[in-house]
Amino acid sequence: MAREFQGPKGTRDFYPRDMALRRHIEAAWRQSSVVHGFEEIDGPTFEHLELYTVKSGEGIVSELFSFRRAGGEDDYALRPEFTPTLARMVAAKAGGLPHPIKWFAIPSHFRAERPQRGRLREFLQWNVDLLGIDGPQAEVEVLSTAIVALERLGLSPADVRVKISHRGVVGAALRSLGVPEERTADAFALLDRRDKLDAASFTARAAEIGLGGTDGEKALEAFARVARARFPAADAAQAVCAATNCSAADAAPLAAVLDGLKASGMDEWCEVDLGIVRGLAYYTGAVFELHEASGGERAIAGGGRYDGLVEMFGGPRTPAVGMGMGDVVLALVLRDRGKLPADDGESLLPRPDAFFISAEGEASDRLLPGMLSSLRRDGLHVRQSYKSTRNVGKLLADAGKCRARMAVILGAEVAEGMVQVKDLDRNEQVMVAVADLARHLRGD
RNA sequence: GCGGCCGUAGCUCAGUCGGUAGAGCGCCGGGUUGUGAUCCUGGAUGUCGCGGGUUCAAGUCCCGUCGGUCGCCCCA
């Protein structure tokens with residue numbers, strides 16, 4: 001009894017063209033990682049459930065695919081993010097790893113959320129982490145790695161903006177505005193939601209955290225200024241002080257990152273956005289998000305400094321900066337910006353070096369297998385027809401359809417050890433000795 | 001977890017007032033003129049997403065469910 005199956009909700013099937021697009025994106029990620037000196041790692045697809053609850057609390061469980069082996073007693077979860085695995089791996093070998101640790105990974109992740117634009121239940125996320133560096137160089141290198149990957153994919157500062165903030169700087173600004181220490185978390189949450197709230201709700205909530213009343217009017221205005229402050233990175237240090245009323249010393253950590261980005265020639269991509277907060281509590285310094293320029297999409301990437309995380313997983317205190325970039329939003333942006341081939345990825349599939357047409361009959365049929373094997377052992381990508389027709393026109397159509405560069409026609413002249421080789425791009429045909437075929441196809 | 005819209009061939013879709021399915025394209029095979037074309041010819045794929053209900057009769061109306069899509073919550 002035949003039965004039809006659907007893939008699970010929020011998952012994708014990668015047919016050859018889809019896979020070619022995926023490899024295209026992964027190649028840019030991997031290339032940029034490698035040239036920046038990061039080394040590739042991976043970990044298990046599932047971990048002990050506690051690895052995730054210890055950091056994010058029990059509430060995270062409803063967002064996970066967790067399970068217990070039949071008859072077993074251990075709870076596991078498919079990994080929803082890579083950072084805990086990374087922290088575990090670092091903590092396990094902390095003493096023996098040369099610093100700084102520069103690792104990247106391109107694993108799949110799983111989250112039990114309802115799919116919508118830019119969000120699926122299984123997705124790829126490129127993770128770049130640099131551990132062991134206290135200074136702003138870490139932030140600069142991680143962001144630079146992300147930017148160079150986007151450049152490789154054809155994006156420019158007109159397409160994507162790198163928005164940078166700093167928890168310490170914003171915290172100092174909030175203190176100087178009179179936000180009590182115990183309401184800082186609420187203030188961060190309000191900053192995060194600033195674009196989703198209308199002015200009245202924003203004002204009401206600002207009042208709840210101690211920025212209301214007659215006395216608070218000025219403070220409220222200042223807070224609104226912090227919430228809206230965005231400026232290009234070029235002269236950002238002064239602008240931060242001006243916008244937040246905080247001292248140059250308070251603004252210094254953010255300014256140092258901005259200076260580093262400028263020195264690296266990345267400042268055209270970057271701007272300060274003090275509204276960037278990030279949901280995670282474990283960020284301890286700089287935080288950043290990469291957004292499509294019009295702001296219409298979910299974040300393309302996000303990250304920041306998390307100096308306490310390795311310690312949380314049992315290792316020594318280790319300064320760290322990390323970044324994650326998902327494939328789903330990135331692919332949407334690339335498509336909308338016309339940076340993907342219009343043929344759904346067909347042009348990203350590997351092109352055969354040659355397509356063989358046995359036109360003569362039994363004589364050429366007998367020669368074909370040996371010729372193909374020999375060329376394949378030489379590393380050439382060669383294909384043949386599986387049709388029984390000898391219709392050369394029809395077989396050439398097949399050759400064109402699989403995008404072969406050359407067609408090799410085995411006609412009557414095989415008796416003299418010669419074949420016809422047709423350049424399908426240039427529509428030129430020459431006679432080549434079988435002995436010279438590999439060299440000819442390789443273009444030597 | 002909540003809500004809107006959608007679901008007929010591989011794709012795009014048609015299907016009237018309810019009368020148990022069609023087109024185009026594509027795909028696959030064969031033939032002809034030996035050179036990616038043209039021409040001729042043959043073929044396949046559907047429990048109309050799935051299940052139930054109403055009805056003499058359901059692709060069509062109703063309910064549920066699964067999936068897709070967009071939004072809310074959340075977003076590591």
Side-chain angles (χ1 to χ4, degrees), chain A residues 1-13 15 17 47 51-57 59-64 77-87 107 109-121 123 125 127 129 189 192-193 196 276-283 287 289 296-304 306 309 312 322-326 328-329 332 344 355 357-361 364 385-413 420-430:
Chain A
M1 170 79 95
R3 199 179 140 192
E4 268 195 47
F5 289 98
Q6 295 176 316
K9 180 196 296 193
T11 61
R12 292 171 288 179
D13 295 328
Y15 291 90
R17 292 176 186 193
E47 292 271 11
L51 187 74
Y52 303 116
T53 54
V54 71
K55 188 193 78 177
S56 308
I60 197 71
V61 174
S62 65
E63 309 288 337
L64 300 178
L78 297 180
R79 65 179 164 213
E81 60 170 326
F82 192 68
T83 307
T85 297
L86 176 104
H109 297 83
F110 308 84
R111 296 181 188 174
E113 297 177 292
R114 177 124 183 208
Q116 55 187 281
R117 183 174 176 84
R119 181 203 273 181
L120 295 172
R121 288 185 155 190
F123 55 94
Q125 186 172 283
N127 286 264
D129 290 276
D192 195 25
R193 294 182 52 77
K196 293 192 172 182
I276 297 297
V277 173
R278 310 286 299 153
L280 277 184
Y282 62 67
Y283 287 113
V287 288
E289 289 182 355
E297 302 282 358
R298 317 176 75 80
I300 296 168
Y306 48 94
L309 200 66
M312 193 185 293
M323 186 275 302
M325 182 182 297
V328 182
V329 176
L332 287 172
D344 287 323
F355 187 93
I357 295 171
S358 173
E360 186 55 14
S364 53
S385 176
Y386 298 96
K387 294 191 201 310
S388 56
T389 181
R390 305 262 177 214
N391 181 335
V392 174
K394 209 168 259 196
L395 294 172
L396 280 170
D398 277 357
K401 213 170 297 174
C402 70
R403 307 164 321 283
R405 298 175 202 281
M406 304 278 183
V408 178
I409 302 166
L410 278 53
E413 58 287 341
Q420 298 163 76
V421 178
K422 179 170 186 174
D423 185 317
L424 293 167
D425 293 334
R426 295 183 184 148
N427 202 22
E428 295 166 357
Q429 190 163 321
V430 295

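Atoms considered below: every heavy atom in the structure, side chains included; atoms not considered: hydrogens, waters and symmetry mates. Note on naming: letters A, B, ... go to the chains in the order of the sequence lines (proteins, then strands), and numbering restarts at 1 for each one.
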Answer with base, sugar-phosphate or nothing: what part of the nucleic acid does G118(A) contact at a heavy-atom distance below 4.0 Å?
nothing
What is the separation between atom NZ on K9(A) and atom P on rC50(B), rounded to the nearest whole Å?
19 Å
Using a 4.0 Å cut-off on protein heavy atoms (strictly under), produce a 5'-to-3' string for nucleotides 35-45 of chain B with B for base contact, S for backbone-only sugar-phosphate contact, and - for none.
BBS--------
Assign a letter to each nucleotide of nucleotides 71-76 of chain B from its 5' end: B, base within under 4.0 Å of a protein heavy atom; S, sugar-phosphate only; -, no contact.
SBBBBB
Heavy-atom side-chain proximity of [X] to [Y] below 4.5 angstrom:
| X | Y | answer |
| --- | --- | --- |
| Y282(A) | T83(A) | yes |
| T53(A) | I60(A) | yes |
| R121(A) | R111(A) | no |
| D423(A) | M406(A) | yes |

Considering only atom [atom1], compute the distance from [N] to [M] and round it to an integer number of Å.
| N | M | atom1 | value |
| --- | --- | --- | --- |
| rG26(B) | rC11(B) | P | 15 Å |
| rC48(B) | rU35(B) | C1' | 44 Å |
| rU8(B) | rG49(B) | C1' | 10 Å |
| rA21(B) | rU16(B) | C1' | 14 Å |
| rG64(B) | rU20(B) | C1' | 23 Å |
| rC63(B) | rG3(B) | P | 14 Å |
| rG29(B) | rU69(B) | P | 33 Å |
| rA9(B) | rA44(B) | C1' | 10 Å |

Does the pair K422(A) and E428(A) meet the rule for a salt bridge (Lys or Arg N to Asp or Glu O under 4.0 Å), with working shown?
CA-CA 6 Å; K422(A) 179 170 186 174; E428(A) 295 166 357; over 6 Å; no
Applying ring-ring contact (aromatic ring centres under 6.0 Å, His included), can you list everything that pairs with F110(A), at least two apart in sequence or on another chain?
none
Pull out every protein N or O sitting under 3.5 Å from an N or O of nucleotides 8-11 of chain B, one pair per line with the distance.
none

Is there a donor in the side chain of E413(A) and an acceptor in the side chain of Q420(A), or the other way round, less than 3.5 Å apart?
yes
Stems in RNA chain B: runs of 3 or more consecutive Watson-Crick or G-U pairs, distances under 3.5 Å?
B:1-7 with B:66-72, B:10-13 with B:22-25, B:27-31 with B:39-43, B:49-53 with B:61-65
Which heavy atom of A359(A) sits nearest a heavy atom of V392(A), and at what distance?
CB-CG2, 3.9 Å
With sequence neighbours excluded, residues passing salt bridge (Lys or Arg N to Asp or Glu O under 4.0 Å) with R17(A)
E346(A)
How many angstroms lie between OG1 in T85(A) and CG in L51(A), if you round to the nearest 0.5 Å?
5.5 Å
Going by the angle between their ring planes, with limits at 30° and 60°, are H109(A) and F123(A) parallel, tilted or perpendicular?
parallel
